[in-house]
Amino acid sequence: DAGVTQSPTHLIKTRGQHVTLRCSPISGHKSVSWYQQVLGQGPQFIFQYYEKEERGRGNFPDRFSARQFPNYSSELNVNALLLGDSALYLCASSLEVDNEQFFGPGTRLTVL
Amino acid sequence: AQSVTQLGSHVSVSEGALVLLRCNYSSSVPPYLFWYVQYPNQGLQLLLKYTTGATLVKGINGFEAEFKKSETSFHLTKPSAHMSDAAEYFCAVNSGGSNYKLTFGKGTLLTVNP
């Protein structure tokens with residue numbers, strides 16, 4: 001069975017641009033969470049979605065937004081990119097909102 | 001609020017030696033505790049988790065961890081290190097009895113010397 005998949009693998013953007021990151025959960029999983037991992041740090045929670053509804057949000061500015069589609073895939077959008085947004089963005093899926101999370105390989109975003 | 005402190009950003013051991021990675025947590029309610037491993041350029045893989053019940057938890061690849069409520073600790077151990085154990089290890093906590101909003105420590109990089 002396929003695990004959590006994320007696209008693209010790597011991305012380079014410049015300050016002020018917008019970016020969209022995509023995540024496909026494990027088949028049958030209804031919940032998707034997004035984490036930001038800055039180099040040398042542990043992952044930080046950004047969002048959780050379950051059945052297309054936002055169920056949790058971390059301490060991130062409104063420039064960060066996300067959505068979940070009827071097929072349970074998800075997009076993370078970041079507007080007005082800053083240098084500090086450079087990080088590995090991890091997506092995790094779980095069967096329900098309160099189940100074990102399975103992580104994807106991440107998208108490496110570099111903002112120049 | 002919940003938090004995780006991992007003591008030692010870098011631990012180096014010899015192959016065959018004991019691995020001990022330390023994790024202390026802070027939580028206002030009974031926590032769920034996790035250890036994840038991250039290999040270079042990869043996502044996170046769950047090693048083991050504590051939710052309720054037995055305080056000594058066994059995970060994959062010979063790792064285990066013991067939940068000690070009195071010490072607010074959840075240290076990760078492995079009796080004999082293997083070269084393939086070299087990776088970054090993250091301790092995480094979730095309070096409130098659900099798995100969402102994991103709070104991670106800053107990680108410990110494990111180096112295994114031949």
So, the part of A:Leu88 with a heavy atom under 4.5 Å from chain B: the answer is side chain
Where A:Val32 and A:Pro25 come nearest, the two heavy atoms and their spacing: CG2-CB, 4.0 Å
Do you know which two heavy atoms are closest between B:Gly105 and B:Phe90, and how far apart they sit? O-CD2, 3.5 Å
In terms of side-chain heavy atoms, does B:Gln2 have a donor or acceptor partner in B:Thr103 at a distance below 3.5 Å? yes
Part of A:Glu96 lying under 4.5 Å from any heavy atom of chain B: neither
Part of B:Leu44 lying under 4.5 Å from any heavy atom of chain A: both
Looking at B:Glu88, B:Gln38, B:Gln45, B:Gln42, which has the largest count of heavy-atom pairs under 4.5 Å with chain A? B:Gln38
B:Tyr89 and ring-ring contact (aromatic ring centres under 6.0 Å, His included): which single residue from B:Trp35, B:Phe74, B:Phe63 fits? B:Phe63
